[in-house]
**Student:** 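So that we are looking at the same thing, I have put the structure below in structure tokens.
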Amino acid sequence: MKIATYNVNGVNGRLPVLLRWLGETMPDVACLQELKAPQEKFPEQAILDAGYEVIWHGQKSWNGVAILSRIGAIKEIRRVLPGDPEDVHSRYIEAVVNDVLIACLYLPNGNPAPGPKFDYKLSWFERLTTHAKQLLAQEIPVVLTGDFNVIPTPQDVYKPERWVDDALFRPETRAAFQKLTAQGWTDAIRKLYPEEKIYTYWDYFRDAFGRDAGLRIDHFLLSPQLETRLTAAGVDRQVRGWEKSSDHAPVWIELK
DNA sequence: ATGGCTCCATACTGGAGA
């Protein structure tokens, strides 16, 4: 079972790239973030025509998440991260596909930090951590995936010293990620590639992709029930080089 | 220290992203 995550940065503007990527790499499940489309403007028919079932939670202008499957029914569990009825951002959707619970998330960026946006990031992170603990308690196969907007370690950024004050790399952010993973989650990419330089994002400025000046911020966290089923993982770097690409590249794992 | 680029909105400019 191949599961992928891709921050598309606008699902309608990205549609040709998205469809090409789906056709060439054929993930069984694809989690999308940053749809940047209201619920009724999601390109449902194009996704169906590509052979995928889909559920999504859109929002005007910003955020938005989706889960696609070409291996059968998507059983939606929830489309809101519990813990704050006031939070109206579309940043979370959760479903069971093929007996694996898949949480597709878009964690807030948090810049500028410090400030209210950073506070929102940390409080969202705490809600995620609380919910993740409840998922672990079910002792079932769970994947937490998406754009975490977290650079976990200095190994995950081209020039760590430039990022120390950034919301993606500040000590509070790294500590929150550490606290989450310490519950018992496995960082799939790092389990298979503990020493490699692996990035999932390159900004649009100054030929960052050409210089490989990137970040690793899109992650797969696996519950203990999946750890021994992980057989492969990678980043579809080539997609970042395509015309009209997102600033993120897709990331994927294989489960046996 | 700043801005570089790209997306979307209702747009010829601004907010947000990371």
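Proteins get letters first, then strands, A, B, ... in listed order; numbering begins at 1 in each.
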**Student:** Quick one about A/D236 and A/W252 (side-chain donor to acceptor, distance below 3.5 Å, no hydrogens or angles considered), yes or no?
**Tutor:**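 Yes, because at least one side-chain N or O of A/W252 sits under 3.5 Å from a partner of the opposite role on A/D236.
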
**Student:** Say you pick atom P in B/dG15 and the same atom in B/dT10; how far apart are they, in whole Å?
**Tutor:**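 Pairwise P distance, B/dG15 against B/dT10, rounds to 14 Å.
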
**Student:** Identify, with sequence neighbours excluded, every residue that meets ring-ring contact (aromatic ring centres under 6.0 Å, His included) alongside A/W21.
**Tutor:**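 Result, ring-ring contact (aromatic ring centres under 6.0 Å, His included) vs A/W21: A/Y6.
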
**Student:** According to side-chain contact (heavy atoms from CB on, under 4.5 Å), who are the partners of A/R127, at least two apart in sequence or on a separate chain?
**Tutor:** A/L81, A/D84, A/D87, A/W124

**Student:** What integer distance in Å separates A/W202:CH2 from B/dT6:C1'?
**Tutor:** 17 Å

**Student:** Please state whether the phosphate of B/dG3, meaning OP1 or OP2, lies under 4.0 angstrom from any side-chain nitrogen or oxygen of A/R206.
**Tutor:** no

**Student:** How many whole angstroms separate atom NZ of A/K244 from atom P of B/dT6?
**Tutor:**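 Distance check: A/K244 NZ to B/dT6 P gives 8 Å.
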
**Student:** Between B/dG14 and B/dG4, how many Å separate the two P atoms, rounded to a whole number?
**Tutor:**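 My reading of the P atoms in B/dG14 and B/dG4 gives 14 Å.
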
**Student:** How far does the C1' atom of B/dG3 sit from the matching atom of B/dA16, given to the nearest Å?
**Tutor:** 16 Å

**Student:** Can you name the residues that form a ring-ring contact (aromatic ring centres under 6.0 Å, His included) with A/F125, not counting sequence neighbours?
**Tutor:** none

**Student:** Rounded to whole angstrom, note down the P distance from B/dC12 over to B/dT2.
**Tutor:** 28 Å

**Student:** Do A/R237 and A/W202 touch side chain to side chain, with heavy atoms closer than 4.5 Å?
**Tutor:** yes

**Student:** Pairs counted as Watson-Crick or G-U wobble with both distances under 3.5 Å: what dot-bracket string results for DNA chain B, using | for bases tied to another strand?
**Tutor:** ....(((((...))))).

**Student:** Going 5' to 3' through nucleotides 10-18 of chain B, assign each nucleotide B (protein heavy atom under 4.0 Å from a base atom), S (under 4.0 Å only from sugar-phosphate atoms) or - (no protein heavy atom that close).
**Tutor:** S-----SBB

**Student:** Would you find a donor on one side and an acceptor on the other, under 3.5 Å apart, between the side chain of A/R79 and the backbone of A/W56?
**Tutor:**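 Present.
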
**Student:** Do A/H89 and A/Y120 make the cut of ring centroids closer than 6.0 angstrom?
**Tutor:** yes

**Student:** B/dC7 C1' sits how many Å from A/L15 CG, rounded?
**Tutor:** 15 Å

**Student:** Centre-to-centre under 6.0 Å for A/W163 and A/F169, is that the case here?
**Tutor:** no

**Student:** Counting only pairs under 3.5 Å, give me each side-chain donor-acceptor contact of residues 132-148 of chain A, with atom names and distances, residues two or more places apart or in other chains.
**Tutor:**
| from | atom 1 | to | atom 2 | distance (Å) |
| --- | --- | --- | --- | --- |
| A/T145 | OG1 | A/H219 | O | 3.0 |
| A/D147 | OD1 | A/N149 | N | 3.0 |
| A/D147 | OD2 | A/N7 | ND2 | 2.9 |

**Student:** Which value, in whole Å, describes the distance between the C1' atoms of nucleotides B/dA1 and B/dA11?
**Tutor:** 30 Å

